[in-house]
Amino acid sequence: MAMPEKFLKPYDPKATEGSIYKEWEESGYFNPDNLPKLPDGSERIAPFSIVLPPPNVTGTLHLGHAAMLAVEDILVRYNRMRGKKTVWIPGTDSAAIATQSKVEDILYKESKQTRHDIGREALMERVDAFTKESESTIINQVKRMGSSLDWSRYAYTLDDKRYKAVMEAFVRMYNAGLIYRGNRIVNWDPKMQTTVSDDEIERKEETTPFYYFKYGPFVIGTVRPETKFGDKYVVMHPSDERYAKYTHGQQIDLEWINGPITATVIKDEAADPAVGSGVMTITPAHSLVDFEIAQRHNLDIEQVIDERGILLPIAGEFAGQHIKKARAAIVEKLKAKGLVEKVDEKYTNNLATNSRGGGLIEPQIKKQWFIGVTRPIAERGGKSLKDLMREAVESGNTKITPDHFEKIYYHWIDNLRDWCISRQIWFGHRIPVWYKGDETKVQADSPGAGWEQDPDTLDTWFSSGLWTFSTLGWPEQTDDLKNFHPTAVLETGYDILFFWVARMILMSTFLMGEVPFKNVYLHGLVRDGQGRKMSKSLGNIIDPLDMIEKYGADAVRLSLIMGAAPGNDIKLSEDRIRGYKHFANKIWNVTRFVLENTQGLTLEDGFDDRNEFDKELRQERRATFEEVNKHIDTFRLDLAADTLYQYVWHRFADEIIEDSKRILKEGSDEEKKRRQMFLLYTLHWILKGLHPFMPFVTEEIWKDMPSRKDLLMVETWPA
RNA sequence: GCGCGGUUAGCUCAGUUGGUAGAGCAUCCCCUUGACGUGGGGAGGGUCGUAGGUUCAAGUCCUACACCGCGCACCA
């Protein structure tokens, strides 16, 4: 057999990757139902399942996705080769708020219309068209990474099956008393005109003046004078001796922004004597802490700012002004009245913004739907959702890697408040609650004529929380659900531990009575070569698709794995990617050498165990793979890849092959044969071992291996 | 303020149950005309953040501190 011509030129990923992915897809082996039997003729039984964290349907592939795909594909391919019944389920996410705001932006740019101009139905049509158009883009980009996803099980968060699952989940949670409607203080985004959950708030630093105002005999501080109109309670710590002469409930007449008012003294431990003067006034309608104080003492709560950020009549002459503009004018007026004690010009304040749309958050009291996280659940032995979430990890049923994130997870649970799940946007899963007069019904479908559905939709993380089982067919009792749930691993970035991982545990432990996954593997953020975040303004963004184009998907995958310990940020530079392309080429040339020197031989030509020197080589090879197995099983893919890299390049190529040149030239026929068999055999091992990490180049080489029976992706792992 | 990490060679990072410090890249020198220049051999370079402690022995365990990063909280 002559040396295949392709090995005479350097490895060219561009010429091979597309067709190889097609072969994989057409083989059907991404689907566990089509996987071949094991070499001993038995069926694959042990399951290995991963659900893909669904990228936004309207997004494009970035390095975070690329890292995630690399890790998950390695785990899936490794386990497939180890004989497991493997499935990796793809999907995309509607990303409700983000997608709707994107479409609204386009709408406004094109026709200067808002969603209210065109109405709910027309907007949804536009959103659907936009997502359909985008969907294929992200899917094709995911495929270019070599991801061995079972596309026959593709799910979209808003498709019919998932919609049904979401409705079912809501109704069940409502019936269990976990979902309730309440008038509580929520994070309101005046720009998007919707509520936002606590976890979606992003704090941004700003430098702003800090004002000290005279409030009767007291001095109070604030950065937000515009909220102060309704402040008629003055709060101090019960044991603050400076204010011992004031008693709880005492009334004090004083001059305030728009004239004389009567303030009431409240003694509450929420006032920290060490902060400022130790005295504060409260605005219960626009501050969570103030709201809680007001509730404790049963105080009046008055709205000062409306849903668009406009001051209400309580602001007197300032009513109708936007809070942004009103602030300076209010301060001027207070100055004129001699009520400004002093101004600290450079105060660092953390502004709450909506991390999805960027609007400034204004706390408001609104009637919304909530999930009560501390309510006892009868069908779970009186435990609360918080208890269930904590137990999932404490029991070890779900292990988080790296494990220090478990502490962060507990910390989050301890601080968790009821989760506001209703959103005033249109794109998403509509809340399955129906109203007719004073009647309310909670059910998936309309109860009939005259019933009106709640106009709100659900927080996108509500449906995402169901993802491990909604993708497997829940609420129907499917075979997939039986076979593959709980899933083996959930792999994602540590930045969505709370958003998503915790919500999945919440949903699964309640609805399924089991954890959603046995392992959580958290990868780091991908940064540039100097450790900076990639951003447009720094101009340091690396596009994974450009890199695939230049160096091949295998090189990109390896660059995101090597040196990336779990949970550590990944520092990526183009140099590193180039380096791994060199490695792909090295494997290519190793193959060329081995095939050239073993022509006419196959694995079936036997293996001589009596050669003592080669015995050591074989032991070393086995030890190498045992190390690789150990690392993969403990999610140290970085070390596994490094072990293989070292062995292939610096042991096998640099030493064993170099040494073989002498033997093949000068050795006896028997020595030659032994060495040839070792080289050929080891090349098989190497290709198998590297396949999960570098699937394209190894599969391409595999085509010319004399012992090939099927695709490398379903070959058995060396042992 | 509370919590979680990190600090090891110029850079990026490993370092498994404590036993004389490792890799890749970079630098310098040398080699190489049939596996591969996307190559090979070699060299220099670290008192492992600081100060204590435990131990026969500490990069590894304990305590404190410093600096860097992150999460939560804070709009009095």
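Being a predicted model, the structure only gives us computed values, none of them experimental. A note on names: the letters A, B, ... follow the listed sequences, proteins ahead of strands, and every chain is numbered from 1.
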Participant: Name the orientation class of the two ring planes belonging to A:Phe405 and A:Tyr494 (parallel below 30°, tilted from 30 to 60°, perpendicular beyond 60°).
Facilitator: parallel
Participant: Are any of A:Trp649's side-chain N or O atoms less than 4.0 Å away from OP1 or OP2 of B:rC36?
Facilitator: no
Participant: Only pairs with both distances under 3.5 Å count, Watson-Crick or wobble alike; so what is the partner of B:rA43 in this structure?
Facilitator: B:rU27
Participant: Can you tell me which nucleotide in B:rA76, B:rU38, B:rG71 comes closest to the side chain of A:Phe498?
Facilitator: B:rG71
Participant: Over 60° means perpendicular and under 30° means parallel, so classify the ring planes of A:Trp256 and A:Phe213, tilted if in between.
Facilitator: perpendicular
Participant: Rounding to the closest angstrom, what is the interatomic distance between B:rC25 and B:rA35 at atom C1'?
Facilitator: 24 Å
Participant: Under 4.0 Å between any heavy atoms, over every strand shown, what does A:Asn585 touch: base, sugar-phosphate, or nothing? Just pick one.
Facilitator: base
Participant: On RNA chain B, check which nucleotide each of A:Phe652 and A:Pro10 is closest to and give me the residue with the more 5' one.
Facilitator: A:Phe652
Participant: Take the angle between the ring planes of A:Phe583 and A:Tyr645 and call it parallel below 30°, perpendicular above 60°, tilted in between.
Facilitator: tilted
Participant: Can you tell me if A:Arg578 touches the phosphate of B:rU38, counting only side-chain N or O atoms and a distance under 4.0 Å to OP1 or OP2?
Facilitator: no
Participant: Can you tell me the distance, in whole Å, between the CD atom of A:Gln676 and the P atom of B:rA35?
Facilitator: 15 Å
Participant: Quote, to the nearest angstrom, the C1' distance that separates B:rC74 from B:rG53.
Facilitator: 38 Å
Participant: Could you check if a side-chain atom of A:Phe693 sits within less than 4.5 angstrom of a side-chain atom of A:Arg557, using non-hydrogen atoms only?
Facilitator: no
Participant: Calculate the interatomic distance between A:Lys586 atom NZ and B:rA35 atom P; express it in whole Å.
Facilitator: 11 Å
Participant: Are there over 12 heavy-atom neighbours, none belonging to A:Lys14, within less than 6.0 Å of that residue's NZ?
Facilitator: no
Participant: How about A:Arg296: does its CZ atom have over 12 heavy atoms from other parts shown lying under 6.0 Å from it?
Facilitator: yes
Participant: May I ask you to say what A:Leu497 touches in the nucleic acid, namely base, sugar-phosphate or nothing, with a heavy-atom cut-off under 4.0 Å?
Facilitator: nothing
Participant: Name the nucleic acid region contacted by A:Ala565, choosing base, sugar-phosphate or nothing; use a 4.0 angstrom heavy-atom cut-off, strictly under.
Facilitator: sugar-phosphate
Participant: Using both distances under 3.5 Å as the test, list the Watson-Crick or G-U wobble partner of B:rU7, or none.
Facilitator: B:rA66
Participant: Using a heavy-atom cut-off of under 4.0 Å over every strand shown, decide if A:Ala271 touches base, sugar-phosphate, or nothing.
Facilitator: base
Participant: Within a strict 4.5 Å, meaning less than it, do heavy atoms of the A:Phe593 and A:Leu679 side chains meet?
Facilitator: yes
Participant: Tell me the partner of B:rA35, counting only Watson-Crick (N1-N3 plus N6-O4 or O6-N4) or G-U wobble (N1-O2 and O6-N3) with both under 3.5 Å; none if nothing fits.
Facilitator: none
Participant: Between B:rG18 and B:rA26, how far apart are the two C1' atoms, rounded to whole Å?
Facilitator: 33 Å
Participant: For B:rA14, which nucleotide in any strand shown is its Watson-Crick or wobble partner with both distances under 3.5 Å?
Facilitator: none
Participant: Assuming nearest nucleotide by heavy-atom distance, tell me which of A:Glu658 and A:Ala564 is located more 5' along RNA chain B.
Facilitator: A:Ala564
Participant: Looking at A:Gln619, I want to see if its CD is surrounded by more than 12 non-hydrogen atoms of other residues, nucleotides or ligands under 6.0 Å.
Facilitator: yes
Participant: Round to the nearest Å and state the distance from A:Ile201 atom CD1 to B:rC74 atom C1'.
Facilitator: 14 Å
Participant: Using atom CG of A:Leu416 as one end and atom P of B:rG71 as the other, report the distance to the nearest whole Å.
Facilitator: 18 Å
Participant: Just the table, please: protein N/O against nucleotides 3-8 of chain B N/O, every pair under 3.5 Å.
Facilitator:
residue, atom, partner, partner atom, Å
B:rG5, OP1, A:Lys407, NZ, 3.3

Participant: Expressed as a whole number of Å, how far does the C1' atom of B:rG22 sit from that of B:rG45?
Facilitator: 14 Å
Participant: Is there any protein nitrogen or oxygen under 3.5 Å from a nitrogen or oxygen in nucleotides 23-30 of chain B, and what are the pairs?
Facilitator:
residue, atom, partner, partner atom, Å
B:rA23, O2', A:Gln646, NE2, 3.0

Participant: Please report the distance separating the P of B:rC68 from the corresponding atom of B:rA73, rounded so that it comes out in whole Å.
Facilitator: 23 Å
Participant: Can you tell me which nucleotide in B:rA35, B:rG40, B:rA14 comes closest to the side chain of A:Asp654?
Facilitator: B:rG40
Participant: Taking any strand in view, what nucleotide pairs with B:rG59 in a Watson-Crick or G-U wobble way, both distances under 3.5 Å?
Facilitator: none
Participant: What distance, rounded to whole Å, do you find between the two C1' atoms, one in B:rC48 and one in B:rG15?
Facilitator: 11 Å
Participant: How close or far is atom C1' of B:rA76 from atom OH of A:Tyr212, stated in whole angstroms?
Facilitator: 8 Å
Participant: If you only use heavy atoms from C-beta on, which nucleotide in B:rC13, B:rC75, B:rA76 is closest to the side chain of A:Lys571?
Facilitator: B:rC13
Participant: One thing to verify: whether A:Asp12 and A:Lys6 come together as a salt bridge, which I'm taking to mean a side-chain N less than 4.0 angstrom from a carboxylate O.
Facilitator: no
Participant: NA contact type, A:Arg576, heavy-atom cut-off 4.0 Å: base, sugar-phosphate, or nothing?
Facilitator: nothing
Participant: Using the C1' atom as the point on both nucleotides, what is the distance between B:rA58 and B:rA21, in whole Å?
Facilitator: 13 Å
Participant: State the pairing partner of B:rC75; accept Watson-Crick or G-U wobble contacts with both distances under 3.5 Å, and report none otherwise.
Facilitator: none
Participant: Show the numbers, then the answer: is there a salt bridge (Lys or Arg N to Asp or Glu O under 4.0 Å) between A:Asp199 and A:Arg503?
Facilitator: CA-CA 11 Å; A:Asp199 292 295; A:Arg503 261 69 182 263; 3.1 Å; yes
Participant: What integer number of Å spans the P atoms of B:rC13 and B:rG6?
Facilitator: 13 Å
Participant: Please report, rounded to the nearest Å, how far the C1' atom of B:rG39 is from the CZ atom of A:Phe583.
Facilitator: 15 Å
Participant: Is it true that, when you exclude A:Lys232 itself, more than 12 heavy atoms of the residues, nucleotides or ligands shown sit nearer than 6.0 Å to its NZ?
Facilitator: yes
Participant: Has A:Lys630 got a side-chain N or O lying under 4.0 Å from the OP1 or OP2 atom of B:rU16?
Facilitator: no
Participant: Assign A:Arg592 to base, sugar-phosphate, or nothing according to its heavy-atom contacts below 4.0 angstrom with the strands shown.
Facilitator: sugar-phosphate
Participant: Would you indicate what A:Ala555 reaches in the nucleic acid, counting non-hydrogen atoms under 4.0 angstrom: base, sugar-phosphate, or nothing?
Facilitator: nothing
Participant: Over 60° means perpendicular and under 30° means parallel, so classify the ring planes of A:Phe7 and A:Trp588, tilted if in between.
Facilitator: tilted
Participant: Kindly say whether the aromatic ring centers of A:Phe318 and A:Phe229 come within a distance under 6.0 Å.
Facilitator: yes
Participant: Could you state the OH-C1' distance from A:Tyr409 to B:rG71, rounded to the nearest angstrom?
Facilitator: 16 Å
Participant: A:Phe210 near the nucleic acid: base, sugar-phosphate alone, or nothing, with a heavy-atom cut-off under 4.0 Å?
Facilitator: sugar-phosphate
Participant: Kindly point out which of B:rA76, B:rA35, B:rA73 is positioned nearest to the side chain of A:Glu596?
Facilitator: B:rA35
Participant: Using atom CD1 of A:Ile413 as one end and atom C1' of B:rC72 as the other, report the distance to the nearest whole Å.
Facilitator: 14 Å
Participant: If you check the A:Ala653 side chain, which of B:rA14, B:rA76, B:rA35 turns out closest?
Facilitator: B:rA35
